[in-house]
Amino acid sequence: MLTITQITEETDKVIAGLEKKFVANAKEKVNEVISANNARRAAQTKRDEILTQVNAMSKQIGLSMKSGDTDAANAAKSSVKELKKEASKLEQEMVEAQEKVRNLLLTIPNVPHESVPLGKTAEDNIVERTGGPEVQLPNNAVPHWDLAKKYDLIDFELGVKITGAGFPVYKGKGARLQRALINFFMDQAAEAGYLEVEPPFVVNEDSGYGTGQLPDKEGQMYHCNLDNLYLIPTAEVPVTNMYREVILDESQLPIKNCAYSACFRREAGSYGKDVRGLNRLHQFNKVEIVRIDTPEHSYESLHEMIAYVESLVQKLGLPYRILRLCSGDCSFTSAITFDFEVYSAAQKRWLEVSSVSNFEAYQANRLKCRYKGKKGTTQLCHTLNGSALALPRIVAALLENNQTEDGIRVPEVLVPYMGTDIIK
RNA sequence: GGAGAGAUGGCAGAGUGAUCGAAUGCACCGGUCUUGAAAACCGGCGUACGGCAACGUACCGGGGGUUUGAAUCCCUCUCUCUCCGCCA
C-alpha cells in the first residue's frame with residue numbers, strides 16, 4: 001500500500017497517478033484518507049496529553065503511599081480514574097481512525113511510474129522491442145497439445161483423472177524437459193548473481209497479506225482449511241516474505257534471490273482457447289527472481305532484470321517481444337511492469353511467459369521491509385520481481401516452433417540437460 | 001496424537017507490581033591512546049506515531065482483564081522447544 005506520508009506530502013501527484021490508472025473517484029478517496037489521518041492525529045495528540053498527566057499522577061500516588069499520605073493518594077486515584085476514561089475514549093477514536101486509514105489505503109492501488117504509457121487495456125500496451133528468429137512452419141504443423149500426445153510427453157487426461165483439469169502429467173522426455181528447463185534457469189540465475197533459495201510452497205496468512213494476495217485475492221489461491229495455509233501462486237510470495245519486518249543494511253542491497261517453485265493457481269473463471277493444453281494451468285513450474293533494493297537504484301535493477309530475462313528467451317531461440325504495460329493493464333501493486341511474450345507459431349499467438357515489475361515501496365510498506373541508510377535513517381526498500389521463467393508456455397512454444405519431420409529439435413543450451421538434441 | 005517447558009532489545013540473558021524502554025555481557029558505531037592494529041578507557045547504540053523543537057505517547061509473542069500503577073498478576077489465542085508415539 002501507499003504510505004500515508006506519500007499521500008499527504010505529494011497529494012496532487014498521487015491523485016494524478018491514480019487517475020492515470022483509471023481509479024474511480026481518486027480525488028475523493030485520497031481526501032478521505034487524509035481527513036481520516038487528521039482525525040487520528042488529533043485524537044492521538046489529545047490522548048497523549050492526558051496520558052502524560054496520568055503517568056505523572058500515578059508516579060505521585062506511589063510516592064504518597066510510601067510516605068504514608070493516603071489521603072492525597074486516594075484523592076489522586078479518583079481523578080486518575082476519570083482521566084483514564086477520557087483517554088480510553090480517545091484511544092478508541094484513534095484506533096478507529098487508524099483502521100479506517102488502513103482499510104482505505106488497502107483499496108488504493110500503486111501509482112504508475114511516469115514512464116508508464118496511458119492506456120486502459122492490453123490493446124494499449126507498447127511493444128518495446130521484438131527479437132528472436134522468425135519461425136517458418138510447414139503447413140501440416142500442429143499445436144503443442146497434439147505434439148505432446150504424439151511423442152507421449154504430457155498426458156492431460158491422466159491429470160484430470162488424478163486431480164482435475166489443469167494438472168497435467170509430464171512423462172518421459174516431457175518430464176525430463178521440465179527438469180532441464182528448471183535447471184537451466186537456475187544455473188543461469190546463479191551465474192547472474194542471484195542467490196538460490198528453496199522456500200516453502202505453502203505459506204501462512206501473514207505472508208499472504210505481506211505480498212498482497214490477501215485480503216482481496218484469496219479466491220485465486222488454494223487454501224488448506226485445516227491448517228489455514230495457502231498453496232503459493234508464485235515463489236514471489238515466500239521469497240519476498242523472507243524480508244517481512246526486516247531492517248536491512250544499505251550495504252546488503254540490492255539483494256538478489258532466485259527460486260524454483262511449483263505454482264498453484266485456482267484460475268477461477270477461465271475458459272476457451274486460453275486454457276487449452278499448457279496455456280493456463282492450475283499447477284506449473286516457475287523460476288522467479290526477486291530483488292530488494294534502494295529507491296535510488298531500483299530502476300537500474302529493473303532494467304538489469306529485463307535484460308536478464310531477455311537473455312533467457314534469446315538463448316532458447318524463441319521469437320519474443322517485450323511489452324511495456326499501459327497504466328490500466330499494470331497490476332494493482334505494480335508501479336511499472338514489462339511483459340515478455342513468446343510467439344507460438346502453431347497457435348499463431350503470443351504467449352505471456354514473464355512479467356517483470358518494480359513495486360517501488362508499495363509492497364515494502366505492507367511487508368515493513370526497510371533499510372538503514374548511510375546517514376542512519378531508516379526507510380522503505382523497493383521490491384522487484386520477475387519470472388525467469390514460467391515453464392508451460394515456454395514448453396508450448398518450444399514444442400511448436402521446433403517441430404520437424406524427424407521430431408522436436410532441442411535448443412542447444414538444453415541439450416546437456418536433456419541428454420539429446422531431438423525428441424522423437 | 002500424548003506429556004512438559006518456554007516466548008524480554010541484533011544475539012545471549014536479568015528482571016515477579018511503581019525508582020523499567022528495561023540490568024549485565026557480546027556484537028555494532030564514534031572518540032581517546034597507538035606509526036598502524038589489538039587491548040584498555042570514554043561515549044553512543046530498538047521501532048512506530050505525535051510535535052518546528054524541547055519533548056511526549058505506545059510497544060517485553062498477539063488479544064483481553066485486574067489495578068491509581070503491569071514485562072511482572074489473571075484469562076485467552078498463537079508460535080517455538082524438549083521427551084514419548086508415528087513416519088519420508
Side-chain angles (χ1 to χ4, degrees), chain A residues 1-9 33-105 198 200-210 214-215 223-230 238 241-253 255 262 292 361 364-381:
Chain A
M1 55 191 180
L2 296 175
T3 64
I4 192 71
T5 318
Q6 194 177 355
I7 289 177
T8 52
E9 285 178 5
V33 175
I34 292 174
S35 70
N37 187 51
N38 286 339
R40 191 215 91 228
R41 270 167 45 193
Q44 180 175 346
T45 305
K46 269 194 247 167
R47 179 202 69 150
D48 285 0
E49 278 168 13
I50 292 171
L51 286 181
T52 307
Q53 289 181 56
V54 168
N55 288 340
M57 288 174 85
S58 295
K59 219 167 256 182
Q60 192 52 48
I61 290 168
L63 292 175
S64 300
M65 302 270 269
K66 241 176 217 167
S67 65
D69 191 353
T70 46
D71 288 349
N74 288 330
K77 273 189 196 180
S78 55
S79 49
V80 165
K81 250 187 177 165
E82 285 305 309
L83 286 170
K84 285 276 279 192
K85 257 187 220 163
E86 213 175 316
S88 74
K89 216 160 95 190
L90 286 163
E91 168 111 27
Q92 207 180 327
E93 252 175 63
M94 182 185 104
V95 169
E96 272 167 21
Q98 201 157 24
E99 253 162 44
K100 190 173 172 193
V101 169
R102 189 182 157 78
N103 289 335
L104 286 167
L105 285 178
E198 184 173 314
F201 293 178
V202 177
V203 296
N204 60 27
E205 219 172 20
D206 286 346
S207 294
Y209 277 97
L214 297 174
H223 181 232
C224 313
N225 250 324
L226 212 53
D227 300 296
N228 195 24
L229 296 172
Y230 294 85
N241 270 284
M242 299 197 303
Y243 306 98
R244 167 156 50 87
E245 280 156 54
V246 165
I247 300 177
L248 298 155
D249 193 273
E250 186 170 351
S251 63
Q252 297 172 265
L253 303 176
I255 285 174
I292 315 285
N365 188 32
R366 260 215 234 187
L367 284 168
K368 293 208 194 88
C369 173
R370 292 156 292 177
Y371 76 98
K372 198 164 275 203
K374 285 172 192 124
K375 286 166 255 160
T377 53
T378 302
Q379 58 176 320
L380 292 170
C381 296

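Computed from a prediction, not measured in an experiment: that's the story for all the values here. Residue numbering restarts at 1 for every chain, and letters A, B, ... go by the order of the sequence lines.
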What is the separation between atom [atom1] on [X] and atom [atom2] on [N], rounded to the nearest whole Å?
{"X": "A:D249", "N": "B:rA27", "atom1": "CG", "atom2": "C1'", "answer": "14 Å"}
{"X": "A:Q98", "N": "B:rA58", "atom1": "CD", "atom2": "P", "answer": "14 Å"}
{"X": "A:M94", "N": "B:rG51", "atom1": "CE", "atom2": "P", "answer": "13 Å"}
{"X": "A:K372", "N": "B:rG46", "atom1": "NZ", "atom2": "C1'", "answer": "7 Å"}
{"X": "A:N365", "N": "B:rA48", "atom1": "CG", "atom2": "C1'", "answer": "12 Å"}
{"X": "A:L90", "N": "B:rG50", "atom1": "CG", "atom2": "P", "answer": "16 Å"}
{"X": "A:L51", "N": "B:rC55", "atom1": "CG", "atom2": "P", "answer": "20 Å"}
{"X": "A:Q53", "N": "B:rU57", "atom1": "CD", "atom2": "P", "answer": "11 Å"}

Pairwise [atom1] distance, [M] and [N] [rounded to whole Å]:
{"N": "B:rA27", "M": "B:rC83", "atom1": "C1'", "value": "34 Å"}
{"N": "B:rC59", "M": "B:rG69", "atom1": "P", "value": "13 Å"}
{"N": "B:rG2", "M": "B:rG17", "atom1": "C1'", "value": "37 Å"}
{"N": "B:rA14", "M": "B:rG25", "atom1": "C1'", "value": "11 Å"}
{"N": "B:rA70", "M": "B:rA53", "atom1": "P", "value": "29 Å"}
{"N": "B:rC33", "M": "B:rC41", "atom1": "C1'", "value": "9 Å"}
{"N": "B:rA5", "M": "B:rG65", "atom1": "P", "value": "28 Å"}
{"N": "B:rU82", "M": "B:rU67", "atom1": "C1'", "value": "37 Å"}

Point to revise | A:G210 to A:R366 - nearest heavy-atom pair and separation | key: O-CB, 3.9 Å
Practice item. Please report the shortest heavy-atom distance between A:I61 and A:A76, naming the atom on each side. Key: CG1-CB, 3.6 Å
Study note, to complete from the structure: Pairing string of RNA chain B (Watson-Crick or G-U wobble, both atom distances under 3.5 Å; | = paired to other strand) is ((((((((.[[[..)..(.....]]].(((((.......))))).(((((....))))).[[[[[..)....]]]]])))))))....
Review point. Would a 4.5 Å heavy-atom cut-off, applied to side chains only, mark A:L105 and A:I7 as touching?
Key: yes
**Study point:** Side chains of A:R370 and A:K372 in contact at under 4.5 Å (non-hydrogen atoms)
**Key:** no
Using a cut-off of less than 4.0 Å, is there contact between a side-chain N or O of [X] and OP1 or OP2 of [N]?
{"X": "A:R47", "N": "B:rG56", "result": "no"}
{"X": "A:N55", "N": "B:rA58", "result": "yes"}
{"X": "A:R370", "N": "B:rA48", "result": "yes"}

Review point. Listed by chain and number, what are the ring pair (Phe, Tyr, Trp, His ring centres under 6.0 Å) partners of A:Y230, not counting sequence neighbours?
Key: A:H223
Are any protein N/O atoms closer than 3.5 Å to N/O atoms in nucleotides 66-69 of chain B? If there are, list each pair with its distance.
from	atom 1	to	atom 2	distance (Å)
B:rU68	OP2	A:K81	NZ	3.4
B:rU68	O2'	A:S58	OG	3.3
B:rG69	OP1	A:K84	NZ	3.2

Name the nucleic acid region contacted by [X], choosing base, sugar-phosphate or nothing; use a 4.0 angstrom heavy-atom cut-off, strictly under.
{"X": "A:I247", "answer": "sugar-phosphate"}
{"X": "A:T378", "answer": "sugar-phosphate"}
{"X": "A:N74", "answer": "nothing"}

Practice item. Please list, chain by chain and in numerical order, all residues satisfying side chain to side chain contact (heavy atoms under 4.5 Å, CB included) with A:R244, sequence neighbours excluded. Key: A:N204, A:D206, A:S207, A:N241, A:L367
Exercise for review: Using side chain to side chain contact (heavy atoms under 4.5 Å, CB included) as the criterion, list what pairs up with A:L248, not counting sequence neighbours.
Suggested key: A:Y243, A:V246, A:Q252, A:L253, A:I255, A:I292, A:C369, A:Y371, A:C381
Check your understanding: Considering heavy-atom distances to RNA chain B, does A:T5 or A:A56 have its closest nucleotide positioned more toward the 5' end?
Key -> A:T5
Check your understanding: From B:rA58, B:rA48, B:rG50, pick the nucleotide closest to the side chain of A:R41?
Key -> B:rG50
Point to revise | Listed once per pair and sorted, the salt bridge (charged side-chain N to carboxylate O under 4.0 Å, His left out) pairs that draw on residues 75-89 of chain A, sequence neighbours left out | key: A:E82-A:K85
Review point. Within the side chain of A:T377, is there an N or O that forms a donor-acceptor pair under 3.5 Å with the backbone of A:G373?
Key: no
Check your understanding: Okay, side chain of A:N365, backbone of A:A361: is any donor-acceptor separation there less than 3.5 Å?
Key -> no
